[in-house]
Number of protein chains: 2
Amino acid sequence: MRKGERTRVMILEKAAGLLNRQGYLSTPISEIMQETGLEKGGIYNHFTSKEELAIQAFHHSVNTMRQHFAKAYQNKTSSVDRLFAVMDVFRELGDNPPLPGGCPLMNAAIESDDAHPVLSSEVRQAMAQLYNMMKKTVLQGIQEKELSDKADADAVATVLISTLEGALMMTKLYKDSIYMERAIDHLKTYIESLRVPV
Amino acid sequence: MRKGERTRVMILEKAAGLLNRQGYLSTPISEIMQETGLEKGGIYNHFTSKEELAIQAFHHSVNTMRQHFAKAYQNKTSSVDRLFAVMDVFRELGDNPPLPGGCPLMNAAIESDDAHPVLSSEVRQAMAQLYNMMKKTVLQGIQEKELSDKADADAVATVLISTLEGALMMTKLYKDSIYMERAIDHLKTYIESLRVPV
């Protein structure tokens with residue numbers, strides 16, 4: 001990696017952790033300068049604007065999460081195991097987060113939905129990837145007769161994402177994993193209710 | 001109401017709508033000046049700091065929501081009807097919000113949880129009121145033999161708040177009420193499963 005490229009990656013890694021905690025667009029450039037140890041010019045050498053840096057830092061955070069979801073799916077062959085593995089990744093986001101600040105999708109969604117259409121559009125695309133991964137898993141489960149053909153894949157993806165994101169919000173707010181544990185217990189019962197009896 | 005008090009209330013009302021959309025702490029004072037039509041001095045005449053204004057605006061937003069929850073509970077005598085009424089308030093937050101920007105609890109929780117302990121503490125107290133209202137409703141339903149004594153009031157309160165807040169996030173992100181509708185369908189089935197058969 002060339003030196004310029006190394007600096008760009010260093011800025012993105014540090015900015016991703018900072019902006020996921022403090023706000024993708026609301027964090028002032030002065031804090032990004034402090035976090036990276038660079039002058040303003042050293043940062044804008046690599047990004048045309050603070051907005052571009054924010055969007056790229058968001059992509060960096062989403063990529064980190066995507067790798068965790070891919071790893072959680074590894075070696076899981078059944079659809080139910082895969083859906084349970086998604087729950088484990090959310091549990092980890094509360095307990096021992098792979099990136100500081102929790103779920104970048106929720107953080108950036110709440111920050112941008114009423115105020116920042118460019119970031120909001122990026123969040124919609126990233127959320128669609130998680131949603132479609134889960135929907136596909138349910139459809140596969142139905143096809144392989146592991147899940148009932150009465151299961152509605154869109155409903156399952158919506159309920160899982162909504163409940164896990166909301167529970168992560170509560171767990172982070174109270175710094176107490178009990179909210180996430182109750183949500184996961186509920187969702188496991190829900191998924192079990194969709195299983196075809198063996 | 002004296003003139004000074006009228007101005008204070010006007011600032012709070014306008015700031016509450018603006019800050020619930022754009023961020024309680026991240027919105028610059030210049031935007032609050034524009035929204036209220038006041039100079040900086042005219043605002044700081046009534047609030048000692050931008051943080052104090054943000055906290056008071058958050059309380060104002062929470063009070064607006066509290067009135068909506070109280071109204072939704074009116075004339076509802078059964079616990080199940082009351083829990084369904086809470087769902088209706090969340091549906092309204094997506095469709096036709098009583099205050100712009102969605103749920104102040106979630107907005108302020110996500111903004112503050114990693115970054116602003118003072119606001120975060122206010123959110124915990126406000127969230128506890130919603131949580132306890134729902135928990136009490138479930139306990140009353142058990143006592144009156146409307147709900148099964150196997151129902152766990154903490155689990156029900158956690159699952160309802162998590163799922164509704166997460167679904168509101170998705171509905172606002174995609175500007176599509178289908179996410180909230182799927183979440184409510186799921187939660188109604190869940191609550192019905194806790195009902196004592198008549």
Side-chain angles (χ1 to χ4, degrees), chain A residues 17-18 20-23 25-28 31 97 100-103 105-116 120-121 123-124 127-128 131 152 154-175 178-183 185-187 189-190 193, chain B residues 18 20-23 25-28 31 97 100-103 105-116 120-121 123-124 127-128 131 152 154-176 178-183 185-187 189-190 193:
Chain A
L18 178 71
N20 196 45
R21 278 183 288 128
Q22 309 260 16
L25 290 162
S26 65
T27 303
E31 290 189 32
C103 178
L105 295 178
M106 181 165 57
N107 292 340
I110 297 298
E111 185 180 4
S112 69
D113 57 4
D114 297 298
H116 302 289
S120 192
S121 158
V123 183
R124 281 194 291 276
M127 178 70 84
Y131 184 95
D152 174 339
D154 282 294
V156 175
T158 301
V159 167
L160 263 66
I161 294 176
S162 295
T163 311
L164 291 166
E165 294 283 11
L168 180 61
M169 182 267 289
M170 293 187 78
T171 273
K172 280 174 57 59
L173 180 64
Y174 287 103
K175 302 192 196 328
I178 187 72
Y179 301 97
M180 182 57 80
E181 293 307 330
R182 289 179 192 142
D185 280 352
H186 170 75
L187 293 175
T189 306
Y190 169 53
S193 79
Chain B
L18 179 70
N20 197 46
R21 278 182 288 129
Q22 310 260 17
L25 291 162
S26 66
T27 302
E31 290 189 31
C103 178
L105 296 177
M106 182 166 55
N107 292 340
I110 297 298
E111 185 179 3
S112 69
D113 56 5
D114 296 297
H116 302 287
S120 192
S121 158
V123 183
R124 281 195 291 277
M127 178 69 83
Y131 183 95
D152 174 340
D154 282 294
V156 175
T158 301
V159 167
L160 263 66
I161 294 177
S162 296
T163 311
L164 291 166
E165 293 284 11
L168 181 61
M169 180 267 288
M170 293 187 77
T171 273
K172 281 175 56 57
L173 180 64
Y174 287 103
K175 304 194 194 329
D176 188 341
I178 188 72
Y179 301 97
M180 182 57 81
E181 294 306 330
R182 290 179 191 143
D185 279 352
H186 170 76
L187 292 174
T189 305
Y190 170 54
S193 78

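Naming convention: chains lettered A, B, ... in sequence-line order (proteins, then strands); numbering from 1 in each chain.
Listed here is the closest heavy atom pair of Pro100(B) and Asn20(B): O-ND2, 2.9 Å. For the residue pair Ser112(A) and Ser120(A), the shortest heavy atom distance occurs at OG-CA, 3.3 Å. Taking both residues in full, the closest heavy atoms of Arg124(A) and Leu173(B) are given as NH1-O, 3.1 Å, listed atom of the first, atom of the second, then distance.
Top candidate by heavy-atom pairs under 4.5 Å with chain B, chosen from Asp152(A), Val123(A), Val159(A), is Val159(A). For chain A, the option among Gln22(B), Glu165(B), Met127(B) with the highest count of heavy-atom pairs below 4.5 Å is Met127(B). For chain A, the option among Glu181(B), Glu111(B), Lys175(B), Met106(B) with the highest count of heavy-atom pairs below 4.5 Å is Met106(B). Residue with the most contacts toward chain A among Tyr131(B), Tyr190(B), Tyr179(B), Tyr174(B): Tyr174(B) (heavy-atom pairs, distance under 4.5 Å). In terms of non-hydrogen atom pairs under 4.5 Å with chain A, the most contact-rich of Ile161(B), Leu25(B), Thr163(B) is Thr163(B). For chain A, the option among His116(B), Met169(B), Met180(B) with the highest count of heavy-atom pairs below 4.5 Å is Met169(B). Residue with the most contacts toward chain B among Ser162(A), Gly102(A), Ser26(A): Ser162(A) (heavy-atom pairs, distance under 4.5 Å). Ranked by heavy-atom pairs under 4.5 Å with chain A, the list Asp154(B), Asn107(B), Leu168(B), Asp185(B) is led by Asp154(B).
Rounded to the nearest 0.5 angstrom, Ile178(A) CD1 and Thr158(B) OG1 are separated by 7.5 Å. Separation of atoms CZ (Arg21(A)) and CG (Asp114(B)) is listed at 7.0 Å; rounding is to 0.5 Å.
Contacts between Ala128(B) and chain A at a heavy-atom distance below 4.5 Å involve backbone atoms as well as side-chain atoms. Only the side chain of Met170(B) comes within less than 4.5 Å of a heavy atom in chain A; its backbone stays farther off.
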- Take Leu160(B) and Leu187(B) through the test side-chain contact (heavy atoms from CB on, under 4.5 Å) and record every step on the way to the result. CA-CA 7 Å; Leu160(B) 263 66; Leu187(B) 292 174; 4.2 Å; yes
